[in-house]
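These notes concern the structure reproduced below.
A, B, ... follow the sequence lines: proteins, then strands. Residue 1 opens every chain.
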Number of protein chains: 2
Amino acid sequence: MDKLPTIKEIAIRLNVSVSTVSRALSNHPRIGLGTKERVQQLAKELGYEPNTQAIFFKQKKTHVIGVIIPYIREDFFSQAISGIESAAIEHEYTILFGQSYDELEREIKAVAAMKKQRVDGLIISLSKETNKYNHLEALKKYDIPVVYFDRVPTMTDSHKVFCNLYKGTIELVGWLFNNGYRNIAFINGPDKLRASKERLKGYIDGISKHQLKVDMQLVETTDLSKEGTEMAMKKLLNLKKLPQAIITFNDYVHMDATQYAAKNNIAVNKHIIFVSFANLPITSYTAFPPLASIEQHPYRQGEKAMDILMTILKNKDAQESDPDIYYTEELAPSLVAYKQPAMHGL
Amino acid sequence: MDKLPTIKEIAIRLNVSVSTVSRALSNHPRIGLGTKERVQQLAKELGYEPNTQAIFFKQKKTHVIGVIIPYIREDFFSQAISGIESAAIEHEYTILFGQSYDELEREIKAVAAMKKQRVDGLIISLSKETNKYNHLEALKKYDIPVVYFDRVPTMTDSHKVFCNLYKGTIELVGWLFNNGYRNIAFINGPDKLRASKERLKGYIDGISKHQLKVDMQLVETTDLSKEGTEMAMKKLLNLKKLPQAIITFNDYVHMDATQYAAKNNIAVNKHIIFVSFANLPITSYTAFPPLASIEQHPYRQGEKAMDILMTILKNKDAQESDPDIYYTEELAPSLVAYKQPAMHGL
DNA sequence: ACGTTGTGCGCAAACGGTTGCGCACAATGC
DNA sequence: GCATTGTGCGCAACCGTTTGCGCACAACGT
């Protein structure tokens with residue numbers, strides 16, 4: 001409870017000025033050797049530790065970066081934040097944490113909180129609802145750079161890291177094709193999501209690439225709820241010609257879809273095979289794991305986002321900031337095949 | 001890039017002193033109505049927002065609390081942090097995030113980082129390795145209160161929130177007994193873990209309570225790795241008399257155990273039924289969900305921990321802090337039964 | 001002996017606010 | 001008419017640290 005030792009304390013005890021103490025501690029050349037030693041000695045004895053709050057305040061820096069994600073419970077985001085943290089530690093930064101729960105309103109509040117705390121930078125994965133960016137533009141006034149990851153905005157004047165799901169989907173279709181599947185269905189996410197648009201484009205181009213006909217009856221969407229997915233599955237299972245394979249939007253949809261299929265007496269991964277996105281570790285324990293999945297490298301996305309942010313901050317310090325440079329890092333997704341599917345339907 | 005408006009700015013423009021501006025903005029009674037209005041008007045026009053860093057610095061507060069957990073990827077902890085966050089928002093606090101990855105060394109570094117940032121308080125769930133508390137004791141010097149949750153220390157002079165797993169285990173045994181099971185095995189976690197000790201005590205007392213004989217052959221331990229769990233299962237499946245039910249340390253062990261059992265031609269949840277701890281949402285998608293699970297209320301533990309921390313901080317502000325009061329909140333676990341098991345072996 | 005250069009250190013401002021105290025003036029009471 | 005009380009505002013210190021500048025003194029060259 002007694003006051004922490006300050007530079008002033010040391011100054012008084014040693015009968016020197018605070019500036020001398022400050023310089024002695026930072027090894028300034030103009031300070032005599034003897035004085036330096038006495039200061040450093042006493043500092044050690046007193047267990048002096050500089051008040052970083054005061055320093056940061058003076059430097060107008062906090063050494064804190066904000067991270068806002070939709071849901072920490074989603075494995076994808078907890079991996080991403082781990083990647084961010086690991087990069088942050090290397091640069092001696094710490095992380096201020098906030099969730100948007102996919103709600104714009106919460107996102108705005110979280111951004112405001114970060115602004116209040118004067119974070120040095122912000123890394124964010126946008127909420128599903130985010131359709132305007134005033135709250136994020138506002139950070140420019142405070143000179144707080146923003147790096148987006150995974151759920152990135154459409155505007156080009158922003159720094160971002162993401163996984164190219166267009167290519168990923170093409171790869172997934174290709175893998176199915178190469179394993180002999182032709183009648184490939186797709187349960188996509190909500191239309192307005194960038195992630196959905198990319199996947200759809202990839203699906204269409206992937207199908208076309210192999211000289212197959214794109215049949216929009218094979219494409220359903222889900223709002224990502226269990227019910228939405230079941231409705232989509234119902235339609236697919238009611239088609240005259242049952243699909244041979246189903247691509248799902250992500251592993252959560254996958255799990256709902258396969259569960260529904262199983263309930264409806266489909267031999268999952270035999271009768272119809274399922275492939276997905278996300279590569280959740282947990283799927284290996286599920287009753288019906290996807291036979292292939294597109295890994296989106298959340299950890300690496302997080303690391304990259306932090307690296308970019310650090311570059312921006314360093315440049316800013318060096319007054320070399322060119323406000324017209326925008327960093328974009330596009331990661332290649334990778335297809336993870338869990339098993340070769342038993343050939344079927346050929 | 002141009003400077004943010006400060007109180008000084010406003011003072012100069014209005015030709016009043018900074019103190020007047022400061023008071024006008026905080027509605028001090030001694031400031032004339034006219035002046036107040038002019039100040040507030042100009043502040044609005046300029047988009048003035050107080051520099052919280054400066055205020056916090058002066059007040060020696062940060063309005064930030066640190067949270068350190070072992071793994072954010074574990075659903076339990078991501079739920080807990082969500083609970084902490086929700087309570088934090090209510091009190092206008094933000095969260096500085098850190099993981100220990102169950103390593104003491106990392107925990108120490110994370111604590112040091114929090115200390116550096118001068119968090120107002122710390123909420124922590126200890127790493128498995130943590131056997132000494134110097135790094136946490138050190139926070140006392142900085143007057144940073146610590147609240148532990150779930151993985152709490154043994155010492156009594158600490159604030160803590162946890163779920164009584166002793167009672168939970170007794171309940172689990174009782175549920176099995178009531179459903180007709182007698183030959184109940186138990187795969188526990190590492191002996192040194194408090195969580196393991198509690199469960200073991202609960203198991204023994206639960207068994208005894210129903211006039212059954214405690215047979216230590218039915219108790220195995222795992223280091224929580226897949227291999228460790230498989231070894232434990234192997235021993236249990238090799239007993240002359242196969243257990244009728246198996247209690248596992250948590251849902252992760254459960255999944256490894258049931259997977260192993262299935263591979264060895266055990267009809268999981270028929271031949272032997274499985275119950276567990278943790279109540280992961282994901283288990284409902286798994287091939288072999290536990291028939292009952294002990295919910296440990298991570299979200300509520302997080303909320304509670306934050307509430308306690310807030311009480312401590314409030315009292316400290318009011319100078320009413322009695323350093324000898326230690327808050328302990330013991331949550332009752334709840335048993336969640338997924339299905340009534342088909343009666344068996346009677 | 002005098003200017004030059006180097007060495008060791010202190011003064012004071014600055015970062016952006018808050019706050020105790022005091023001062024000047026007006027209104028009030030008696 | 002004089003003391004009292006209230007009103008409106010400014011001065012200056014303070015939080016803990018950094019840093020430009022200047023001062024005093026010594027060592028040096030010539």
d(B/Q41 CD, B/I10 CD1) to nearest 0.5 Å is 11.0 Å
Using whole Å, what does the distance between atom C1' of nucleotide D/dG16 and atom CZ of B/F57 come to? 4 Å
In this structure, how many angstroms lie between the P atom of C/dG16 and the CD1 atom of B/I10, rounded? 13 Å
Closest to the B/R30 side chain, choosing from C/dC21, D/dT7, D/dC15: D/dT7
Quick check: any donor-acceptor pair below 3.5 Å linking the side-chain of B/R23 to the base of C/dG20? yes
The side chain of B/T6 is closest to which nucleotide in this list: D/dG16, C/dG16, C/dC9? C/dG16
So B/T35, base contact, sugar-phosphate only, or nothing? Heavy-atom distance under 4.0 Å. sugar-phosphate
Answer yes or no: is there an ion pair linking A/E303 with A/R300, defined by an N-O contact shorter than 4.0 Å? no
Short side-chain N/O contact from B/S17 to OP1 or OP2 of D/dG10, under 4.0 Å: yes
If you compare every side-chain N and O of B/K61 against the phosphate oxygens of D/dC15 (OP1, OP2), does one of them come in below 4.0 Å? no
Are any of the side-chain heavy atoms of B/P70 and B/R151 separated by less than 4.5 Å? yes
Could you tell me whether A/F56 contacts a base, only the sugar-phosphate backbone, or nothing, with contacts defined as non-hydrogen atoms closer than 4.0 Å? nothing
Looking only at N and O atoms, is any donor in the side chain of B/S19 or the base of D/dC11 less than 3.5 Å from an acceptor on the other one? yes
Figure out the CG/C1' separation between B/N15 and D/dG10, and round it to whole Å. 12 Å
What about B/K58, does its side chain sit under 3.5 Å from the base of D/dC14 through a donor-acceptor pair? yes
Rounded to the nearest angstrom, tell me the gap between atom NZ in A/K8 and atom C1' in C/dC11. 15 Å
Using heavy-atom distances to pick each residue's nearest nucleotide on DNA chain D, tell me which of B/Q59 and B/V18 is more 5'. B/V18
Do B/R118 and D/dG16 have a side chain to base donor-acceptor pair shorter than 3.5 Å? no
Atom-to-atom span, CG of B/L33 to C1' of D/dG6 - whole angstrom: 16 Å
Is A/E92 reaching over with its side chain to a backbone N or O of A/H63, donor-acceptor style, under 3.5 angstrom? no
For B/S22 and C/dT18, is the shortest distance between a side-chain N/O and OP1 or OP2 below 4.0 Å? yes
Measure from CD1 on A/I7 to C1' on D/dT18 and round the result to the nearest Å. 8 Å
Does B/T20 put a side-chain nitrogen or oxygen below 4.0 Å from OP1 or OP2 of D/dG8? no
Could you state the atom-to-atom distance from NZ of A/K60 to P of D/dT18 in whole Å? 17 Å
Considering only heavy atoms from C-beta outward, does the side chain of A/M306 approach that of A/M310 to under 4.5 Å? yes
Report yes or no: is the cationic atom of A/R118 (NZ for Lys, CZ for Arg) under 6.0 Å from the centre of the six-membered ring of B/F56, at an angle within 45° of the ring normal? no
Roughly, in whole Å, what's the span from CD1 in B/I55 to P in C/dG17? 7 Å
